[in-house]
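Here is the naming used below: chain letters follow the sequence lines, and residue numbers restart at 1 for every chain.
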Number of protein chains: 2
Amino acid sequence: MSTMMRKKPTIRDVAQLAGVSYGTVSRYLNGGEHVSPDAAERIAQAISKAQYTPNNAARTLARQRTHAVALIIQVESNETIVQASVSAAMTGANQVLGDAGYQMVTLIANTESSTERILRLVGSDFADGYLLFSMSNDDQFAESFRNVGAPVVRSEIGGDLPYPAVDFTNEQGQYDITRYLLDKGRRRLLYICGPGYSPTALNRYEGFKRAMGDQFREGDVYFADSWEIDNGEMAVAEFESRFVRPGAAAARVAAGADSADAVAADSGAAGAGVDAAVAGVADGIDGVVCANDDIAMGAIRRLTHMGYRVPEDVSVTGFDDSPIALLSDPKLTTVRQDSQLHGETMARLLLDIMDGKPLGERHTVLLPTTIMHRRSA
Amino acid sequence: MSTMMRKKPTIRDVAQLAGVSYGTVSRYLNGGEHVSPDAAERIAQAISKAQYTPNNAARTLARQRTHAVALIIQVESNETIVQASVSAAMTGANQVLGDAGYQMVTLIANTESSTERILRLVGSDFADGYLLFSMSNDDQFAESFRNVGAPVVRSEIGGDLPYPAVDFTNEQGQYDITRYLLDKGRRRLLYICGPGYSPTALNRYEGFKRAMGDQFREGDVYFADSWEIDNGEMAVAEFESRFVRPGAAAARVAAGADSADAVAADSGAAGAGVDAAVAGVADGIDGVVCANDDIAMGAIRRLTHMGYRVPEDVSVTGFDDSPIALLSDPKLTTVRQDSQLHGETMARLLLDIMDGKPLGERHTVLLPTTIMHRRSA
DNA sequence: CTGTTAGCGCATTCAC
DNA sequence: GTGAATGCGCTAACAG
């Protein structure tokens, strides 16, 4: 049979078939300049006849460029590898990288061994540039990139590595939505802060504090140890006794800010099933600002279970505008960040650096965030 | 400065520094057999002194093996690139591939150009094996792998490509959960079928039909055109007039199956807010079987909005046991599939094939599914 | 145990 | 325009 396991054809086979030297074939392959139409034609036929495809390794070895960019995702082993935001960023990066002629390949570092393997790979000229998505503040990892020849762009500012990075205005976003709650008449807010290892969590926390100004009470902050939904539930549970009395907040807002104490109707939460557990104090918490959507989702669930109505009794806000923001009931008022743009911007920055465009060290770009007004606040 | 942009050191530089020939260094690098402790020591020092790291391209060129496996995700351009199930599968595959000494790299084909680029790459001995996650039935894509030397394993059976594949017992899973509803006394079920381009959707549909047997009514099937949440809402909306009267189903079940017509209490849905739109017929639909969790989520939402109580009036089931199954209210009774195991199994199968283990053509393995009993049904 | 040598498949000078 | 030669960095087979 002719479909026997014959070896893969090389550029020489093609040359022989076309009756030219393999140097000419190579030229044909790379732009086709300086090759006669006649020869080109014969080479084309030979290529398709031989089913020739150039070998990747040989190419990158010869030209000393991989034409590839690696997107590295670093997560703790137990976490979901690819969150929605990262997925969106990948889409964006893949697009602009592809348009620029680069192949994006993504690598996952979620265990010690995989991390080690990837680090070794990075040292071996695996790609022409690197996009680093490390969700944690594990600078050891990023640190390992210091002596890599190829440029690196990070997805998060913070830590004190000198890499260019693209991130969102986390501080400002959290500030904005907190102010929004305050302006709407909410008086006392619980802040559920993201995990301490995350620079992002810290930035958002700063935004909250700034918005609260004098009214900031450290006691009204819950420090979560992950970004996951349970933290929202746990936080609300822990602060259970400190929430406003159901109905009080709504009435307060309706009646104007200062008459809060006077009004304390216990009605309103009728069908929803307020049980005995709900005590509530008149000057209690009437708003929960969460460091991300998942946590907010958990907070809403718990509040609802406890008999509070969201947002009538207690407002809740998220952060990220992830897909689940639309899944909660009521839908989440949250801070939107365009993750696809995040990926695009990172890729563009990386391309610029690879092209040798000058930029100061510690170059960072901050992408804007906007409030998505929905039902929960 | 010594940190000037000097060229990357090669194996020869190391050899020179260690005072040995570079053949010896190569041996040291690959296992260290047949190299004296003395030389080894000097080489080790030279390597760390020169900050030497072997070049990837040169290695794969010389050994004619990449030691990499590419996981290719093919999605329509507008879809979320990495769904939760794929993310989990990636985790599994990455683990076993890594343990076997392979680097997993994932490639995304979501546009025509990226697909084309990847196909070209695949033809260039980019990896030693391929894991193909194509959510659609686009066999053209898979077809392109026919003449690839390296082995391929697909994530989905169906189509008529001769590739080994790993999938779940979709048919049986849908059968099981449908029977479960029937056995619980539900009389008339609406089936919301996944998009027609998906073999998985078809398999599940078959399971539903088999479970229904004589009771199957083609008119009680809604054909969604994507896997997304809106389809659940749309389906329920379209069948609005054909649902059971609120309260009827619960009473029916409680009173025993055959007295259904006699009982038709209109109560029960009190606080939930049954509005005028809810007519309901006594022998109406009292269960909704959905082809996936997202759709089920939409169905529940719509039903709730229409004033039905889930599961008292209408039961709803999902499929996949994705993370959002826990986010719905009530939590979703669904069919669980272990996506991480999916990835692991695919990777193991691929490794076996790469190792030359014999297996018949069209080799496929089906992973089990189990029912997750939660609140919605 | 170690040095030498011949490729791996291709890009890229050079002469012609 | 085209062919021949050299090298990319490394592995592997071979003598010694």
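- Applying the salt bridge (charged side-chain N to carboxylate O under 4.0 Å, His left out) rule to B:R117 yields no partners; only residues at least two apart in sequence or on another chain are considered.
- Residues meeting the side chain to side chain donor-acceptor pair (under 3.5 Å) test with B:T60, sequence neighbours left out: none.
- Shown here are the salt bridge (charged side-chain N to carboxylate O under 4.0 Å, His left out) partners of B:R27, two or more places apart in sequence or in another chain: there are none.
- Residue contacts shown for B:V20 are limited to sugar-phosphate atoms, with no base heavy atom under 4.0 Å away.
- B:N110 pairs by the side chain to side chain contact (heavy atoms under 4.5 Å, CB included) definition with A:T91, A:N94, B:V75, B:I81, B:I108, B:S114, not counting sequence neighbours.
- Backbone-only contact: A:Y52 has heavy atoms under 4.0 Å from sugar-phosphate atoms and none from a base.
- Put simply, chain B comes within 4.0 Å of DNA chain D, heavy atom to any atom, from D:dG9 to D:dA13, going 5' to 3'.
- Comparing the helix axis at one end of the helix from C:dC1-D:dG16 to C:dC16-D:dG1 with that at the other, each defined from 5 consecutive pairs, gives an inter-axis angle of 40° (nearest 10°).
- Between the side chains of B:S124 and A:N55, no donor-acceptor pair of N or O atoms lies under 3.5 Å.
- Side-chain contact check for A:T200 and A:E156: at least one donor-acceptor pair (N or O, by modelled atom type) lies under 3.5 Å.
- The nearest whole Å value for the distance from the CG atom in A:N55 to the C1' atom in C:dA11 is 13 Å.
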Sequence neighbours left out, cut at 3.5 Å: what donor-acceptor pairs do the side chains of residues 345-356 of chain B make with other protein atoms?
residue: B:T345; atom: OG1; partner: B:L341; partner atom: O; Å: 2.7
residue: B:R348; atom: NH2; partner: B:E344; partner atom: OE1; Å: 3.4
residue: B:D352; atom: OD1; partner: B:K357; partner atom: NZ; Å: 3.2

Between the protein and nucleotides 5-8 of chain C, list the N/O to N/O atom pairs that are separated by less than 3.5 angstrom.
residue: C:dC8; atom: O3'; partner: B:Q64; partner atom: NE2; Å: 3.3
residue: C:dC8; atom: O2; partner: B:A62; partner atom: N; Å: 3.4

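- Using modelled atom types and a 3.5 Å distance limit, the side chains of B:T53 and A:R120 yield no donor-acceptor pair.
- B:S87 contributes no side-chain N or O that, together with a main-chain N or O of B:Q83, makes up a donor-acceptor pair within less than 3.5 Å.
- If you check residues 34-41 of chain A against DNA chain D, the residues with a heavy atom closer than 4.0 Å are A:H34, A:V35, A:S36, A:A39, listed by number.
- With sequence neighbours excluded, no residue satisfies side chain to side chain contact (heavy atoms under 4.5 Å, CB included) with A:A62.
- The side chain to side chain contact (heavy atoms under 4.5 Å, CB included) check on A:Y22 picks up A:I11, A:R12, A:A15, with sequence neighbours excluded.
- The side chain to side chain contact (heavy atoms under 4.5 Å, CB included) check on A:L17 picks up A:A46, A:K49, with sequence neighbours excluded.
- For the residue pair B:R65 and B:Y102, a side-chain donor N or O sits within less than 3.5 Å of a side-chain acceptor on the partner.
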